[in-house]
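Working notes, structure below.
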Amino acid sequence: MKAKDYVDQVHAQIKSAETSLNQAYEKAEKSENKSVIQNALSSLQTACDNLNKYKD
């Protein structure tokens, strides 16, 4: 595999994690926990944005 293949693989894993975190957010009852999940989602979005800049 080339570096780009690994980048694409991680990108897909991040998208999967985002889906799971969105489900967790919907189930979270405490506002503090919702905030923690929102922060994690924001970090994952930043990671995706950075990966999208990868040039092969």
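Note that the structure is a prediction, hence the values are computed from the model and not measured. Here, residue 1 is the first one in the sequence, and each next residue gets the next number. What's counted below: heavy atoms across the whole structure, side chains too, no hydrogens, waters or symmetry copies.
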With Asp5, which residues qualify under salt bridge (charged side-chain N to carboxylate O under 4.0 Å, His left out), at least two apart? none
So if you build clusters from Ile, Leu, Val, Met, Phe, Trp, Tyr with side-chain heavy-atom gaps below 4.5 Å, do Val36 and Ile14 land together? no
Hey, quick one: are Leu44 and Tyr6 part of the same hydrophobic cluster, counting side-chain heavy atoms closer than 4.5 Å, chains of contacts allowed? no
Just to verify, what does Lys53 make a side chain to side chain contact (heavy atoms under 4.5 Å, CB included) with, not counting sequence neighbours? Asn50
Test item: [X] and [Y] side chains (from C-beta on) under 4.5 Å apart, heavy atoms:
X: Asp8; Y: Leu51; value: no
X: Gln38; Y: Leu21; value: no
X: Gln9; Y: Met1; value: yes

Heavy atoms of Lys34 and Ala28 approach each other most closely as CE-O, 3.2 Å
Has Ser16 got a side-chain atom pairing as donor or acceptor with Ala12's backbone, closer than 3.5 angstrom? no
Got a second to check how far [X]'s [atom1] is from [Y]'s [atom2], nearest 0.5 Å?
X: Ser35; Y: Lys30; atom1: OG; atom2: NZ; value: 13.5 Å
X: Glu32; Y: Ile37; atom1: CD; atom2: CD1; value: 11.5 Å
X: Lys15; Y: Glu18; atom1: NZ; atom2: CD; value: 4.5 Å

Start with the C-alpha distance between Gln45 and Leu41, add both sets of side-chain angles, then the distance that settles side-chain contact (heavy atoms from CB on, under 4.5 Å), and finish with yes or no. CA-CA 6 Å; Gln45 183 59 52; Leu41 283 165; over 6 Å; no
